[in-house]
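Note on naming: letters A, B, ... go to the chains in the order of the sequence lines (proteins, then strands), and numbering restarts at 1 for each one.
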There are 2 protein chains.
Amino acid sequence: MATGRTHRPATRSRGIPEATVARLPLYLRALTALSERSVPTVSSEELAAAAGVNSAKLRKDFSYLGSYGTRGVGYDVEYLVYQISRELGLTQDWPVVIVGIGNLGAALANYGGFASRGFRVAALIDADPAMAGKPVAGIPVQHSDELESIIQDNGVSIGVIATPAGAAQPVCDRLVAAGVTSILNFAPTVLTVPDGVDVRKVDLSIELQILAFHEQRKAGEEAAAQTAAAAPAPVRKDSATDQGPDGDVPAVMPA
Amino acid sequence: MATGRTHRPATRSRGIPEATVARLPLYLRALTALSERSVPTVSSEELAAAAGVNSAKLRKDFSYLGSYGTRGVGYDVEYLVYQISRELGLTQDWPVVIVGIGNLGAALANYGGFASRGFRVAALIDADPAMAGKPVAGIPVQHSDELESIIQDNGVSIGVIATPAGAAQPVCDRLVAAGVTSILNFAPTVLTVPDGVDVRKVDLSIELQILAFHEQRKAGEEAAAQTAAAAPAPVRKDSATDQGPDGDVPAVMPA
DNA sequence: ATGTCTTTGTGAACGCGTGCACAAAGATGG
DNA sequence: CCATCTTTGTGCACGCGTTCACAAAGACAT
C-alpha cells in the first residue's frame, strides 16, 4: 500500500467507516467497466471478484450507503455507479493544483485518471522561473509566486505536492493558508497541518521497502541465521566502555 | 494512503504485525535524518514526533524487533538504523525492473529514493520498439521481448508495473512466470497472482477520490440536503414497471 | 397463488491494532 | 551505596474491521 492516512483516528465520517470509503473507488472502477460493457445488473459475488475483495465485505460496505440491491437479482449497475459517485463527491468538479513539476509532477499532469473522475487540473506550479510558461500536458506552468492567487481565483481545495522533500512543508503551509483543505503528498516527508486539513501520502520508497521485507522472508526462510552472522553489525554502544572507534565485532545478544 | 495490500489476511510475518512493518520505513527515514545530523541517541517521544506517530505505538513496534532501547536514555540512533535496515532486508541489494516507460515509468526511473535504500534499477522495459535503446535516467530501455532473460540474468525478484491498465495483467503474468515474487503495481487494475506472490498497489486516482469524499463532507455539512435534491438521479430500475426509457424523476426511497 | 431458488442485508463472534497507564530498569547525582 | 528521575517495555482494555452464517426478501416457474 503506497498510502497511509495521517492520523485521523478512523473518524467514521457520517457513519461510513474509513475502510469502506477507501474501497468505494475500487467498486466504482469495476462497476464502470461493467457499465461500458452494458451489463445491467451484477451480484455481490461477481462484483467482489472483479474488485478483489470478499463478497460479504462488499455487501456490508454497500449496506452503509443504503439498500441498493435486489434480493435474488443483485445490484443495478448504473444506479450503483451513480450512488457511489455521489457518495464520493464525484458528481461535482474538483479543481486541483499540482505543485512541483519535475518528472513526477509532469507524469501526474499527464495522468488520464484524473479528468475522467471529476478532477480537473486547474494549474501547474513550480518554483523554477525557467519552467514558467512552458506547457506541460497542454497547461502552461506558473511560478510559485502566484500560488495564492491561483488557489483563490479557482476555488481550489485539493492540492497535490510533488516537490522535493525539503520544499514540501513550506509549500504545504502556503497551500493551507490560501484555503486548501485536502493534500495529496508525494514528497517523502511527514507533513504537519492544522486540524480540519486532510493529508494523504503516497511514498514509493516505503512501498518497495515493505515488499523487500516480505521478499526477504520468502528468500531467507531457511538461510536466515547464516546471513545474520555474515553481515557486519555495528557494535552496540556500551556507555561504560565507550572509548575506541566503532569496531567490527558482530553484535551478539549479551547473556 | 496510496496503497492497499492485496489480501494476505494480516499475515503476521514471523511475529511482526503487518501494521508495524508498514511503519518501519517511516522510522528508518526519521532515524537516517538524525544520523546525518550526528545525533547519538533519541527518545521514543522525539522519534515518534518526527515520524508522526504515537510514542506508545512506536515503543510497541520496536518491542517486536527486540529490546533495543536503554531506559532513562532512549535509543542509539546508529544501532537502530542498522537493526531496522536488517529487518526490512535493506542490507542487501535488490535489483528491480520497471515495466512501462511512459511518463510515470520515467519518473520512477529518475526517482532518487530507490538507489539510496538498496534498490537498484536493473532494467527498464517497454513494449514500444521505438523506445528500445533510448536512455532514460541513464539506462537504455529494453524491449519486452527480453523481459524473461533480463529477469533471470539479473536475479530480479521485484518488479514495478507502470503500464496502461490493459497491459498490466499480461505483464504481471510474464513477470511471475519468469521468477518475480513481489510486484508494485501502478496500473489501475486488480492483479491476479498465484499464492506466494506479493502485490502492492499505488493508485493515484483512488487517493484523490478518498480526499474528495472528505472534502465533500467538510464543504457540504450544512448544505447537504440541498445538493442531493438538485442533482438528477437516475431512476431506480423497477422490474415490474420497466418499459419506458430512463426518466428524470429523482429517486426517492419508496415507502 | 404457492413453492422453490437465488441473493441480499445483517446479527454476532472474533481478531488485530491502538492507546493508556504503570511497573521495571537503568542513569545520574550526592 | 542510596535516592531520585527519566524513559523503556508491556499488560490490559477498548474499538474498528472482517468474516461467518442465516433469516428475510424478492424473482421466477408452475
Side-chain angles (χ1 to χ4, degrees), chain A residues 1 4-13 15-24 27 40-49 51-76 79-80 83 236-242 254, chain B residues 1 4-13 15-24 27 40-49 51-77 79-80 83 236-242 253-254:
Chain A
M1 188 178 312
R5 53 181 154 285
T6 305
H7 30 52
R8 168 185 299 266
T11 297
R12 171 174 301 209
S13 301
I16 301 184
E18 191 64 26
T20 295
V21 172
R23 279 187 295 268
L24 288 182
Y27 302 146
T41 63
V42 65
S43 71
S44 64
E45 205 70 48
E46 293 167 317
L47 186 54
V53 302
N54 184 295
S55 72
K57 194 189 295 188
L58 179 142
R59 287 198 300 276
K60 180 144 289 195
D61 283 342
F62 285 172
S63 77
Y64 292 116
L65 310 183
S67 271
Y68 293 155
T70 304
R71 295 172 191 232
V73 175
Y75 298 92
D76 182 289
Y79 187 66
L80 205 46
Q83 289 298 343
R236 177 141 185 209
K237 282 261 177 56
D238 188 315
S239 57
T241 62
D242 181 21
Chain B
M1 186 179 313
R5 55 181 152 284
T6 304
H7 33 52
R8 168 183 298 266
T11 297
R12 172 174 303 209
S13 302
I16 301 183
E18 191 63 27
T20 295
V21 172
R23 279 188 295 268
L24 289 181
Y27 304 143
T41 62
V42 66
S43 71
S44 64
E45 204 71 48
E46 294 168 317
L47 186 55
V53 302
N54 184 294
S55 73
K57 193 188 298 187
L58 178 143
R59 287 197 299 275
K60 182 149 290 193
D61 283 342
F62 286 173
S63 77
Y64 292 116
L65 308 184
S67 272
Y68 293 155
T70 305
R71 297 174 192 229
V73 176
Y75 298 91
D76 182 289
V77 172
Y79 187 66
L80 204 46
Q83 289 299 344
R236 178 141 185 209
K237 284 259 178 59
D238 187 317
S239 58
T241 61
D242 181 21
M253 278 301 108

Considering every strand and a 4.0 Å limit on heavy-atom distances, what is the contact class for B:F62: base, sugar-phosphate, or nothing? nothing
Can you name the atoms? Protein N/O to nucleotides 10-12 of chain C N/O, anything below 3.5 Å, with the distance.
unit_1: C:dG11; atom_1: O6; unit_2: A:K60; atom_2: NZ; d: 3.4
unit_1: C:dA12; atom_1: N6; unit_2: A:K60; atom_2: NZ; d: 3.1

Output the distance between atom CZ (B:F62) and atom OH (B:Y68), rounded to the nearest 0.5 Å. 11.0 Å
Give a yes/no answer on whether the side chain of A:S43 brings an N or O atom under 4.0 Å of OP1 or OP2 in C:dT7. no
For A:Y64 versus A:G15, what's the shortest heavy-atom pair and its separation? CD2-O, 3.8 Å
What nitrogen or oxygen pairs link the protein and nucleotides 3-5 of chain D at under 3.5 Å?
none

Output all residues satisfying side chain to side chain contact (heavy atoms under 4.5 Å, CB included) with A:S63, sequence neighbours left out; order by chain, then residue number. A:K60
To the nearest Å, give me how far apart OH (B:Y75) and P (C:dG26) are. 14 Å
Rounded distance (Å) that lies between atom C1' of D:dG9 and atom CG of B:L65: 13 Å
Applying side chain to side chain donor-acceptor pair (under 3.5 Å) to A:S43 and not counting sequence neighbours gives A:E46
How close do B:S44 and B:S55 get, counting heavy atoms only, and between which atoms? O-CB, 3.9 Å
Identify, with sequence neighbours excluded, every residue that meets salt bridge (Lys or Arg N to Asp or Glu O under 4.0 Å) alongside B:R59. none
Report yes if at least one side-chain N or O of A:T70 is closer than 4.0 Å to OP1 or OP2 of D:dG26; otherwise report no. no
Could you pull out all residues at least two apart from A:A49 that satisfy side chain to side chain contact (heavy atoms under 4.5 Å, CB included)? none
Take atom CG of B:L47 and atom C1' of D:dT7, then tell me their distance rounded to the nearest Å. 14 Å
Once you round it to whole Å, what is the distance between P of D:dT7 and CG of B:L58? 14 Å
Starting at the 5' end of DNA chain D and moving along, which residue's nearest nucleotide shows up first, A:N54 or A:G72? A:N54
Can you tell me the distance, in whole Å, between the CG atom of A:D61 and the C1' atom of D:dG17? 10 Å
Interatomic distance, A:K57 NZ vs C:dG9 C1' [rounded to whole Å]: 17 Å
So does B:Y68 get a side-chain nitrogen or oxygen closer than 4.0 Å to the phosphate oxygens (OP1/OP2) of D:dT7? no
Residues B:D76 and B:T41: closest non-hydrogen pair is CA-CG2, 4.2 Å
After noting the C-alpha distance and the side-chain angles of B:V53 and B:Y27, does the key distance pass the side-chain contact (heavy atoms from CB on, under 4.5 Å) rule? CA-CA 10 Å; B:V53 302; B:Y27 304 143; 3.8 Å; yes
Tell me the interatomic distance from B:L80, atom CG, to D:dG9, atom P, rounded to whole angstroms. 10 Å
